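This report concerns only the one structure given below.
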Amino acid sequence: MIALVDCNNFYASCERVFNPKIDKKPVIVLSNNDGCVIARSNEAKTLGVKMGHPAFKLKNLIEEYNINVFSTNFALYGDLSKRVMNVMNTEVEKMEIYSIDEAFLDFTDYASKERGVAIREKVKKWTGIPVSVGIAQTKVLAKVAVHIAKKHTKAGVFMFDDENLIRRALNVFAVEDLWGVGAKTAQKLKAVGIHTALQFRECDSNWVNRNLSVNGVRLQKELFGEVCYPVELTRKRKQNICTARSFGSEIKKLSKLKEAIGSYANTCATKLRKEKSCCTTVSVFLSTNPFKPQAKQYTPYKVIQLNLPTNDSMEIVKFAIKGLESIYRNDCIYKKAGVIVGRTVPQGQTQLSLFDSLDRGKRKNINIAVDKVNSLMGKNKIHLAVEGNGRMWKLKQERLSPCYTTRFAEILEVRM
DNA sequence: TCTGGGGTCCTAGGACCC
DNA sequence: TCTGGGGTCCTAGGACCC
């Protein structure tokens, strides 16, 4: 048996941990640049705030109902996520961290609702984060179970322990809410009269194979309790690493884009070294503002193949800038840019070249030193000159909460 | 005025080989 | 009249997830 533990309204709950004043009040968290809504407390959901809604369209609602608005604070969410995972790890040895707010726990040794309740209470007590738990034979069924736990139980825990219960639940579970069924697939299914998860489970598997391919077949099997997606106990190395941002204000000049791309490329290189990987491609993309259809639209993308795998900041930045120069046009106004490093290979297993002109040993030492200083003294304390100092393109974050758990200067004060 | 960021997997089709 | 059969590898783009 597998238990899926899912944090409730995770980002909104994180904001509440050190700020009890906003308990039971509507809370929303905005995306980068304070653009659109990416998390909502239950109170905000009740007020009709929709996921992905642009913040500027909510101005009246926010004022009328005193909604508490926050910019994303990933330092805080990432740290609280680690704490939640650590607490679960004290109860269950085998687990897979699936996302920032979810983990699959291996309950093969012993599965019961009580075990779920105990974990839920411990996480709440130790971290302040409320979670829901769904227990079932497969991941897909556990997803359904956690859905039910959130919406229809007081305890926040739901377990599928007999076939009749599964049938009854699937019969009232909308097919588009299944894990792996997105908008397109839902449309296809509804067109042939499949509206519930039970109808999907019982439809002809040859039809599923022809129309939805292997993923559809796996989904169907998982609904019958046959495991197609086992709990992954080892973390896989990332194949691609991407750093991309929309700009606080739009950019036209190449020199400013170079600063942004240089900075994103350096971030990618740092992430690569953290993963102990090297990349063999560096890609750059630009985008104009799609919400201004009257303006000229241009979304170029350039992939550069490297001769040798690398995770050296200076080298990756050099390639990224080269890519940028090859796609830049001066008659467009840009809103977003990004760098993707891809085709990663494990560091230390890279093929060397006879004709390499770079002193890689020296570069490696520089990178190690820079990473060390930046991790001790703060992000970007040392950066490359090409990244600039103005940071005109930086994010808009007007409602940022303190980094309560990761910065000494912002630690919570208690007055006695 | 203002609309996010970071991933994975699968498939079709092109290019190439004998 | 009539134009093969069997592969591999790579890439772009779609669909999905949080």
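Here the structure is a predicted model, which means the values were calculated and not measured. Both backbone and side-chain heavy atoms feed into the values below; hydrogens, waters and symmetry mates do not.
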Inset, instruction - Establish, from distance only, whether the side-chain atoms of A:Thr281 and A:Gln305 form a donor-acceptor pair under 3.5 Å. - result: no

Inset, instruction - List the atom of A:Arg40, the atom of A:Val49, and the distance in Å for their closest heavy-atom pair. - result: NH1-O, 2.9 Å

Legend entry - Whether A:Asn240 side chain and A:Ile340 backbone form a donor-acceptor pair below 3.5 Å: no

Inset, instruction - Please state whether the phosphate of B:dG5, meaning OP1 or OP2, lies under 4.0 angstrom from any side-chain nitrogen or oxygen of A:Ser246. - result: yes

Legend entry - A:Lys188 side chain vs A:Asn211 backbone, donor-acceptor pair below 3.5 Å: yes

Inset, instruction - Please check if the side chain of A:Glu222 supplies one atom and the backbone of A:Val140 the other of a donor-acceptor pair under 3.5 Å. - result: yes

Legend entry - Whole-Å gap separating P (C:dC16) and CD (A:Glu102): 18 Å

Inset, instruction - Check whether any side-chain N or O of A:Asn240 sits under 4.0 Å from OP1 or OP2 of B:dT8, and answer yes or no. - result: yes

Legend entry - With sequence neighbours excluded, residues passing side chain to side chain donor-acceptor pair (under 3.5 Å) with A:Glu102: A:Ser99, A:Lys143

Inset, instruction - Examine the side chains of A:Asn266 and A:Glu387 and answer whether a donor and an acceptor come within less than 3.5 Å of each other. - result: yes

Inset, instruction - Cation-pi check, A:Lys336 to A:Phe247: give yes when NZ or CZ is under 6.0 Å from the six-membered ring centre and within 45° of the ring axis, no otherwise. - result: no

Legend entry - Nearest-Å distance for atom pair CG/C1', residues A:Asn33 and B:dT3: 10 Å

Inset, instruction - Could you please name the option among C:dC17, B:dG4, B:dG6 that lies closest to any side-chain atom of A:Trp179? - result: C:dC17

Legend entry - Sub-4.0 Å heavy-atom contacts from residues 288-299 of chain A onto DNA chain C, ordered by number: none

Inset, instruction - Ignoring hydrogens and angles, state whether a donor on the side chain of A:Ser132 or A:Asn8 is under 3.5 Å from an acceptor on the partner side chain. - result: yes

Legend entry - Length of the line joining A:Leu30:CG and B:dG4:C1', which is rounded to integer Å: 10 Å

Legend entry - Residues within residues 44-79 of chain A bordering DNA chain B, heavy-atom distance below 4.0 Å: A:Pro54, A:Phe56

Inset, instruction - From the options B:dG4, B:dG5, B:dT8, select the nucleotide whose nearest atom is closest to the side chain of A:Ser31. - result: B:dG4

Inset, instruction - Please report, rounded to the nearest Å, how far the C1' atom of B:dC9 is from the OH atom of A:Tyr98. - result: 11 Å

Inset, instruction - State, without any angle test, whether A:Glu15 and A:Tyr77 hold a side-chain donor-acceptor pair at a distance under 3.5 Å. - result: yes

Inset, instruction - Keeping the roles fixed (side chain from A:Asn68, backbone from A:Ile22), state whether a donor-acceptor pair exists under 3.5 Å. - result: no

Inset, instruction - Would you mind reading off the distance between A:Lys271 atom NZ and B:dG5 atom P, rounded to a whole angstrom? - result: 11 Å

Legend entry - Pairwise C1' distance, C:dC17 and B:dG4 [rounded to whole Å]: 15 Å

Set out, line by line, the N/O atom pairs under 3.5 Å between protein and nucleotides 10-15 of chain C.
| unit_1 | atom_1 | unit_2 | atom_2 | d |
| --- | --- | --- | --- | --- |
| C:dT11 | OP2 | A:Arg343 | NH2 | 2.2 |

Inset, instruction - Describe the nucleic acid contact of A:Ile100 in one word from base, sugar-phosphate, nothing, applying a heavy-atom distance below 4.0 Å. - result: nothing

Inset, instruction - Figure out the CD/C1' separation between A:Glu398 and B:dT1, and round it to whole Å. - result: 12 Å

Legend entry - Between A:Ser246 and A:Asn33: side-chain donor-acceptor atoms closer than 3.5 Å: no

Legend entry - Main-chain N/O of A:Glu232 paired to A:Glu96 side chain as donor or acceptor, under 3.5 Å: yes

Legend entry - DNA chain B: 5'-proximal contact among A:Lys238 and A:Cys36 (nearest heavy atom): A:Cys36

Legend entry - Residue pairs fulfilling ring pair (Phe, Tyr, Trp, His ring centres under 6.0 Å) with at least one residue in residues 208-238 of chain A, sequence neighbours excluded: none

Inset, instruction - May I ask you to decide if A:His383's main-chain N or O and A:Asn380's side chain share a donor-acceptor pair within less than 3.5 Å? - result: no

Legend entry - DNA chain B: 5'-proximal contact among A:Lys336 and A:Lys236 (nearest heavy atom): A:Lys336

Inset, instruction - Please state how far atom CZ in A:Arg218 lies from atom P in C:dC17, giving the value in whole angstrom units. - result: 15 Å

Inset, instruction - Using a heavy-atom cut-off of under 4.0 Å over every strand shown, decide if A:Ile97 touches base, sugar-phosphate, or nothing. - result: nothing

Legend entry - Atom-to-atom span, CG of A:Asn32 to C1' of B:dT3 - whole angstrom: 13 Å

Inset, instruction - Name the nucleic acid region contacted by A:Asp101, choosing base, sugar-phosphate or nothing; use a 4.0 angstrom heavy-atom cut-off, strictly under. - result: sugar-phosphate

Inset, instruction - Dot-bracket notation for DNA chain C is requested: 5' to 3', Watson-Crick or G-U wobble pairs only, both distances under 3.5 Å, with ( ), [ ], | and . as defined. - result: ....||||||||||||||

